[in-house]
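In listed order, ligands and their atoms are each counted from 1. Numbers for residues simply follow the sequence, beginning at 1. The structure displayed is predicted, hence computed values, not measured ones.
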Amino acid sequence: MVFTGAGVSAESGLGTFRGSDGLWDKYRIEDVCTHEAWLNNPQLCVDFYNIRRKEALAAQPNEAHKAIAELQQAFPNTQIITQNIDDLHERAGAQNVVHLHGELTKLRSENDDLATVPLKGWEQHYGDRHPDGSLLRPYVVFFGEAVPYFSVACEIAAKAELFIVVGTSLNVYPAASLLQYVPKNTPTYLIDPAEVSIHLTDHIKHIQEPATKGVRELVDALKKSL
Ligand code: OAD
C-alpha cells in the first residue's frame, strides 16, 4: 500500500499545506475549506479550488508519481491511497487510486457527497447545478465532513504487506490514523525530507529524502527483489 500526501506533488510545483509558505499560511481554512465557508461565501471556495485546478492542470507528474505507477505495474496488488485532490498519480499511469479528500477533476452535488460529475478544464462556475437539481460544489472533503472512502482505505491498510507513506505531515484525521490499521510487523517506510512525528521502530523506517529521490530508490530496490 502506498499512502501519499501533498509532499509527493511538491516537486511538481504544487504547494503543500503546512509549514512555512504552505497554503494554510496564505488562506484561512475556515474561509475556504469548511461547510460553513461554503454556506457563507461559496464564491471564495469556488475561486480557491479554481486556482488549485488551474495549477494542477499546468503541473506534470514527477519521478515519484512515475515510480509509484511502476511499482503498481511490477506488483499489481499495489493499492494507492492519496489525500491529494490532484490527478498526478493517474497521469503517471497509476490505476484505481483512492482519493480520500476528493478530486479536482470532479464536482459534486451539494446534497450527496458521492454524486459527482466530471469537470473539464479548470473553471467551476458558481451556480451550475447537478442533474439532481442541487448546486454543484467542489468535490473536496471539507474540514469537519465525513471521509467517505476512509473505511475502504482501512480495509486496504489492514491487509498491507508493505506500507509506503510519502509526503504527508500526518496531521489530518482520520487519514493520519491509517497507520494504526496496518498490521504491526508490516515493513513501513516514511519518505519525507522533514522530521517525522512517528516513533520509528525496526519495522518503521524514515527515508529522509525528497519524494523524487526517496521513492525512486525504494521502488528500484523493490523491483530488483522480484
Ligand atoms: P502537509 O502540507 O500537511 O504535509 C506535507 C508533507 O510533505 C510535510 O511532511 C513535508 O515535510 C513533506 N514534503 C515537502 N516536500 C516534500 C518532498 N519534496 N518530498 C516528500 N515530502 C515532502 O500535507 P498533507 O499531509 O497532505 O486536506 O495534508 C493533509 C491534508 O491537509 C490535505 O489533504 C488537505 C490539507 O488540509 C484537505 O484540504 C481536506
- Query: Can you name the residues that form a ring pair (Phe, Tyr, Trp, His ring centres under 6.0 Å) with Y126, not counting sequence neighbours?
  - Reply: W38

- Item | Residues clustering with L88 (ILVMFWY side chains joined when closer than 4.5 Å, directly or via others) | L14

- Tell me, please, which residues at least two apart from E11 pass salt bridge (Lys or Arg N to Asp or Glu O under 4.0 Å). none

- Message: For ligand 1, give me the residues whose heavy-atom distance to it is below 4.0 Å, by chain and number please.
- Response: G5, A6, G7, A10, E11, T16, F17, R18, W24, C33, Q83, H101, V141, F143, G167, T168, S169, V172, D192, P193, A194, P210, A211

- Message: Between E103 and R108, does any side-chain N to carboxylate O distance fall below 4.0 Å?
- Response: no

- Message: Working note: K159 + E155, criterion salt bridge (Lys or Arg N to Asp or Glu O under 4.0 Å); need CA distance, chi angles, decisive distance, verdict.
- Response: CA-CA 7 Å; K159 292 190 204 133; E155 280 172 31; 5.2 Å; no

- Task: Test salt bridge (Lys or Arg N to Asp or Glu O under 4.0 Å) on D220 and K224 and set out the steps.
- Result: CA-CA 6 Å; D220 285 351; K224 265 198 195 137; over 6 Å; no

